[in-house]
Amino acid sequence: MDMLGFVAAPLFVGAALATIGVLGADADKFRWPALSMLMLTLAAIALAASIQLALRGRRFLYSGDEVRALVAPLAPRSQESDHGPDGPDERDDLDAQTAEFTAELQATDFELWLTMSNRAAWAYQTGLVLLGLGLVSILVPLAGASTADTVLRWIAVGAVVCALVVHAALVIRRVITMPNVDLVAAMIHHGP
């Protein structure tokens with residue numbers, strides 16, 4: 001999700017906003033400028049939401065090694081105990097407690113990341129569909145346009161609609177084959 005949320009989505013937001021500016025300046029050159037502006041505005045909002053969700057969710061994704069690296073300097077270091085170098089050590093108990101706490105915290109945070117990542121993906125996919133619909137409404141030819149212009153624009157509309165259908169099919173396929181978030185969370189907490 002990082003590439004979609006932090007690279008692709010900002011580029012799409014910028015393209016949508018720039019196109020809205022063009023539509024506002026040259027509305028008379030488009031058949032449905034208001035509809036196009038609406039679709040592109042909604043696309044920009046959905047894509048910006050995907051960026052925010054990805055950004056907020058990213059803090060919940062980390063490795064156990066990262067946690068241990070942060071916790072290790074905070075743990076008290078005990079001197080050699082009365083039991084000698086081979087006897088039980090308070091440090092061992094602390095390490096076991098820290099590991100258990102870390103595993104529980106990481107599992108809970110992973111669930112949060114998974115939820116927010118899925119929401120960011122949905123916002124991104126919604127933004128792409130709205131962007132496509134905005135593009136379709138831009139490409140519809142003006143009434144009274146030349147035959148060549150009309151034919152080429154309708155071909156472009158058809159190409160975008162085909163791309164939207166393929167995109168929708170891939171999203172639906174992903175939803176059908178995607179593991180249930182609750183099932184993944186249960187596996188994290190209790191094992192398979």
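Start at 1 with the first residue, then count along the sequence.
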Discussion item. Using the rule that Ile, Leu, Val, Met, Phe, Trp and Tyr join whenever any side-chain heavy atoms are under 4.5 Å apart, tell me whether V140 and V161 fall into a single cluster.
Written reply: yes
Response to the item:
Interatomic distance, CG@L47 vs CD@Q125, rounded to 0.5 Å, equals 9.5 Å
Worksheet item: In Å and rounded to the nearest 0.5 Å, what is the CG to CD1 distance from L40 to I45?
Response: 11.0 Å
Item to complete: Look only at the side chain of S117 and the backbone of L114, and say whether a donor-acceptor pair between them is shorter than 3.5 Å.
Response: no
Practice prompt. Kindly indicate, with the supporting measurements, whether the criterion side chain to side chain contact (heavy atoms under 4.5 Å, CB included) is fulfilled by V171 and V129.
Written response: CA-CA 11 Å; V171 169; V129 169; over 6 Å; no
Practice prompt. Over all heavy atoms of both residues, which pair between I51 and A9 is shortest? Give the atoms and the distance, please.
Written response: CG1-CB, 3.6 Å
Practice prompt. Check step by step if side chain to side chain contact (heavy atoms under 4.5 Å, CB included) holds for M39 and L35.
Written response: CA-CA 6 Å; M39 291 297 169; L35 178 62; 4.0 Å; yes
Discussion item. Taking salt bridge (Lys or Arg N to Asp or Glu O under 4.0 Å) as the cut-off, I'd like each qualifying pair that reaches into residues 114-143, sequence neighbours left out, listed once.
Written reply: none
Worksheet item: Are F110 and M116 linked, directly or through other ILVMFWY residues, by side chains that come within less than 4.5 angstrom of each other?
Response: yes
Worksheet item: So how far is it from L42 CG to L38 CG, rounded to the nearest 0.5 Å?
Response: 4.5 Å
Worksheet, complete the sentence: For A120 and A54, the nearest pair of non-hydrogen atoms, with its separation, is CB-N, 3.7 Å
Worksheet entry | Gap between atom CG of L133 and atom CG of L128 - 0.5 Å precision | 11.0 Å
Fill in: Considering all heavy atoms, the nearest A121-R174 contact
CB-NH1, 4.0 Å
Worksheet item: Under 4.5 Å between side-chain heavy atoms, hopping through other hydrophobics if needed: is there a path connecting V13 to L130?
Response: no
Worksheet item: Which atoms form the tightest heavy-atom contact between A16 and L131, and what is the distance?
Response: CB-CD1, 3.9 Å
Worksheet item: Are I138 and F12 connected in a single hydrophobic cluster, I mean Ile/Leu/Val/Met/Phe/Trp/Tyr linked by side-chain heavy atoms less than 4.5 Å apart?
Response: yes
Worksheet entry | Steps toward side chain to side chain contact (heavy atoms under 4.5 Å, CB included) verdict (L112, D109) | CA-CA 5 Å; L112 288 170; D109 283 353; 4.0 Å; yes
Worksheet item: Which value, rounded to the nearest 0.5 Å, describes the distance between H167 atom NE2 and I172 atom CD1?
Response: 10.0 Å
Worksheet item: Under the criterion side-chain contact (heavy atoms from CB on, under 4.5 Å), which of L139, T19, L23, V22 is the partner of S36?
Response: L23
Practice prompt. Drop me the distance from T115's OG1 to L53's CG, to the nearest 0.5 angstrom.
Written response: 11.0 Å
Worksheet item: Got a sec, which pairs hit salt bridge (Lys or Arg N to Asp or Glu O under 4.0 Å) with one end in residues 9-20, sequence neighbours left out?
Response: none
Worksheet item: Of the options L152, T150, V151, which is the one that meets P141 in a side-chain contact (heavy atoms from CB on, under 4.5 Å)?
Response: T150
Worksheet entry | Check against side chain to side chain contact (heavy atoms under 4.5 Å, CB included), F30 and L142 | CA-CA 6 Å; F30 300 95; L142 284 167; 5.5 Å; no
Worksheet entry | Partner set under salt bridge (Lys or Arg N to Asp or Glu O under 4.0 Å) for D149, not counting sequence neighbours | R153
